[in-house]
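Below is one structure, written out as structure tokens; the observations come after it.
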Amino acid sequence: MTSMKERMLAGDLYQADDPEITADLARAVRLMERFNTSPADDPPARLAALRDLLGEVGEETWVRPPFYCDYGARIRLGARCFVNFNAVFLDVAPITIGADVQIGPNVQLLTPTHPVEPEPRRAKWESARPITIGDNVWLGGGAIVLAGVDVGANTVVGAGAVVTRDLPPNVVALGNPARPVRSVEQPRSTS
């Protein structure tokens, strides 16, 4: 028989009141509290708390507290990323962020989904789909990226945009739902 945690990790419908899942949530809450209350004048302690919370933190990556997540362990941050204040990364499914990504304040990355049908939703069934953010992406302040979305490399998502479907590389996307409005110029080679 498959456990609820195994169902969750497989992306199937599951119920979150499973003791194994609630223990993982409790671990994340303790580590978030440690990170979010870490002294500003002790960057090594703050980074250590972040590394304990998240699955991977790339070199020269910085996250400004407060930061909120479900489990933490399913979040991968690439090298040289910056995550501004009040980020919410709900990592029921994996959240993978490439290198050199800039994330504005109040950005939300939301992997969980719930049934549209009322009875399974009332019974507390849920599932999740992964989010992938490519290298050198900029997510403007207040942007929301929903479950199952991939944002291509070098793409800029405007402030307040709601990303409901995949975005290709090298575009500027705005609105709700976010849509590409123009291409991003690629730098010319200096050779």
Side-chain angles (χ1 to χ4, degrees), residues 1-33 35-36 53-55 63 65-77 83-98 101 103-134 137 139-152 155-168 171 173-181:
M1 184 170 207
T2 305
S3 74
M4 287 295 168
K5 183 173 179 179
E6 290 169 331
R7 291 175 64 99
M8 180 186 87
L9 294 174
D12 297 332
L13 286 170
Y14 73 98
Q15 293 174 319
D17 62 357
D18 175 83
E20 197 175 4
I21 294 172
T22 57
D24 290 346
L25 285 167
R27 172 198 168 273
V29 167
R30 287 190 305 274
L31 292 171
M32 271 187 295
E33 181 178 40
F35 173 74
N36 287 332
L53 173 61
L54 302 185
V63 176
F67 173 83
Y68 304 99
C69 62
D70 276 331
Y71 303 98
R74 304 191 82 193
I75 298 170
R76 307 271 182 275
L77 287 172
V83 179
N84 214 326
F85 299 114
N86 215 35
V88 175
F89 292 6
L90 300 186
D91 61 318
V92 175
I95 295 174
T96 306
I97 298 171
V101 172
I103 297 178
N106 300 307
V107 166
Q108 300 176 53
L109 305 180
L110 310 174
T111 70
T113 63
H114 301 276
V116 173
E117 299 79 18
E119 288 308 314
R121 192 171 63 249
R122 183 175 291 121
K124 307 300 185 223
W125 288 100
E126 59 185 271
S127 63
R129 295 180 314 197
I131 291 173
T132 302
I133 308 296
V137 166
L139 301 177
I144 300 171
V145 179
L146 298 182
V149 167
D150 290 349
V151 177
T155 285
V156 175
V157 175
V162 179
V163 186
T164 62
R165 65 185 82 172
D166 292 353
L167 292 174
V171 298
L174 307 172
N176 180 4
R179 300 199 190 290
V181 294

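No experiment lies behind these values; they were computed from the predicted model shown.
Here the options are I131, L109, L110, the test is side chain to side chain contact (heavy atoms under 4.5 Å, CB included), and the partner is F89; only L109 passes.
Looking only at distances, a side-chain donor or acceptor of T111 sits under 3.5 Å from a matching main-chain atom of L90. A distance-only check finds no donor-acceptor pair linking the side chain of N176 to the backbone of V162 [under 3.5 Å]. Using modelled atom types, no side-chain atom of R129 and backbone atom of V149 make a donor-acceptor pair closer than 3.5 Å. Side chain of D91 to backbone of Y71: a donor-acceptor contact under 3.5 angstrom is found. Using a distance-only test at 3.5 Å, with no hydrogens or angles considered, a donor-acceptor pair links the side chain of D166 to the main chain of D150. Of the possible polar contacts, none joining the E33 side chain to the R30 backbone as a donor-acceptor pair under 3.5 Å is found. In this structure, Q15 contributes its side chain and A123 its backbone to a donor-acceptor pair below 3.5 Å. In this structure a side-chain-to-backbone donor-acceptor pair under 3.5 Å is missing from T132 to V151.
Nearest heavy atoms, V171 versus P168: CG2-O, 3.5 Å. When all heavy atoms are compared, the tightest approach of G140 to V107 is O-CG2, 3.4 Å. Here the closest heavy-atom approach between residue D70 and residue P112 is recorded as OD2-CG, 4.3 Å. When every heavy atom of A16 is checked against every heavy atom of I21, the shortest pair comes out as O-CG2, 3.6 Å. Heavy atoms only, all atoms of each residue included: W125 and M4 are closest at CH2-CE, 3.6 Å. The minimum heavy-atom distance between G158 and L174, with the atom names listed, is CA-CD2, 3.6 Å.
For the atom pair CG of L146 and CZ of R165, the computed distance is 11.0 Å after rounding to the nearest 0.5 Å.
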With side chain to side chain contact (heavy atoms under 4.5 Å, CB included) as the criterion, how do I75 and C69 come out once you've worked through the C-alpha distance, each side chain's angles and the decisive distance to 0.1 Å? CA-CA 9 Å; I75 298 170; C69 62; 3.8 Å; yes
Audit row: I95, V145, side chain to side chain contact (heavy atoms under 4.5 Å, CB included) steps and yes/no: CA-CA 11 Å; I95 295 174; V145 179; over 6 Å; no
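In summary, the aromatic rings of F85 and F67 are positioned with their centroids too far apart to meet the 6.0 Å limit.
Side-chain contact annotation: T113 with S127, donor-acceptor N/O pair under 3.5 Å present.
Salt bridge annotation for R7-D18: absent, with no cationic side-chain nitrogen under 4.0 angstrom from a carboxylate oxygen.
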